[in-house]
Amino acid sequence: MVKGALEVHLRGATGIKNTDFLKKCDPYAILTCWRQRFQSTTAKRQGSNPIWNQKFLFVVEDGVSELFIKLYDEDRFTGDDFIGSAKVPLNRVLSELDHPLASYNVIRPSGKVKGEVMVALKFTPKEEDEGSSAF
């Protein structure tokens with residue numbers, strides 16, 4: 001049974017779609033793993049190559065197999081624009097405990113690949129309490 005803590009280091013992205021016409025977009029990421037959700041800070045005016053360099057901690061249990069990352073462009077007066085999404089498989093990090101910085105394709109709403117998001121992962125298994133009681 002797999003249980004533990006998954007540390008996600010969201011480094012940045014390269015070559016993502018700039019959804020703003022006259023200026024650089026202001027990207028942010030929403031990370032979802034099972035029922036947990038975190039939002040990065042907004043990379044103000046960083047356009048197609050934002051750097052977040054943020055870490056997030058998820059609690060992982062059996063059945064969790066992917067981390068989902070959705071990228072948006074923050075807009076002040078209108079709804080935020082969806083840039084694209086990436087799926088990060090967790091099977092390798094759950095078995096090896098550490099997965100160095102890697103790039104994952106960002107898929108646009110059209111289904112085309114446009115850019116990459118860079119993530120490093122570290123899994124710390126939860127120690128099973130032997131002989132613990134319910135109290």
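Just so it is clear, the structure is predicted and the values come from calculations on it, not from any experiment.
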Is [X] isolated, or which residues cluster with it under the ILVMFWY side-chain rule of less than 4.5 Å, directly or via members?
{"X": "I107", "answer": "V113"}
{"X": "F77", "answer": "none"}
{"X": "M118", "answer": "L101"}

Write out all pairs satisfying salt bridge (charged side-chain N to carboxylate O under 4.0 Å, His left out) with one or both partners inside [range], taking only residues at least two apart or from two chains.
{"range": "residues 105-119", "answer": "none"}
{"range": "residues 31-57", "answer": "E7-K55, K44-E74"}
{"range": "residues 8-19", "answer": "none"}

Within this structure, what is the [atom1]-[atom2] distance for the pair [X] and [Y], rounded to the nearest 0.5 Å?
{"X": "I51", "Y": "L10", "atom1": "CD1", "atom2": "CG", "value": "11.0 Å"}
{"X": "C33", "Y": "I69", "atom1": "SG", "atom2": "CD1", "value": "10.5 Å"}
{"X": "F56", "Y": "Q39", "atom1": "CZ", "atom2": "CD", "value": "8.5 Å"}

Report task. Would you please name every residue forming a ring pair (Phe, Tyr, Trp, His ring centres under 6.0 Å) with F123, sequence neighbours left out? Result -> none
Report task. Please examine the side chains of K122 and V8, heavy atoms only from C-beta on, and report whether any two atoms are closer than 4.5 Å. Result -> no
Query - D80 vs Y28 side-chain heavy atoms within contact, under 4.5 Å - result: yes
Tell me the closest heavy-atom pair linking [X] and [Y], and the distance in Å.
{"X": "N49", "Y": "T14", "result": "OD1-CA, 3.2 Å"}
{"X": "P50", "Y": "A43", "result": "CB-CB, 3.7 Å"}
{"X": "D26", "Y": "D73", "result": "N-OD1, 2.8 Å"}
{"X": "I16", "Y": "V106", "result": "CG2-CG2, 4.1 Å"}
{"X": "L94", "Y": "V64", "result": "CD1-O, 3.7 Å"}
{"X": "K24", "Y": "Q46", "result": "CD-C, 4.3 Å"}

Could you pull out all donor-acceptor pairs under 3.5 Å where a side-chain atom in residues 82-91 meets a protein atom, sequence neighbours excluded?
none

Requested in this report: Sequence neighbours left out, what passes side-chain contact (heavy atoms from CB on, under 4.5 Å) with Q36? Give chain and number order.
Outcome: W34, F58, V59
Requested in this report: Name all residues meeting the side-chain contact (heavy atoms from CB on, under 4.5 Å) criterion together with R92; count only those two or more places apart in sequence or in a different chain, and write none if there are none.
Outcome: E96, H99
Query raised in the report: Between L31 and L57, is there a shared hydrophobic cluster once you connect ILVMFWY residues whose side-chain heavy atoms come closer than 4.5 Å?
Result: no
Query raised in the report: Does any N or O in the side chain of N18 come within less than 3.5 Å of the main-chain N or O of C25, such that one atom is a donor and the other an acceptor?
Result: yes
Requested in this report: Only counting residues at least two apart or in another chain, list the ones meeting side chain to side chain donor-acceptor pair (under 3.5 Å) with E66.
Outcome: none
Query - Under the side chain to side chain donor-acceptor pair (under 3.5 Å) test, residues paired with D20 that sit two or more places apart - result: K23
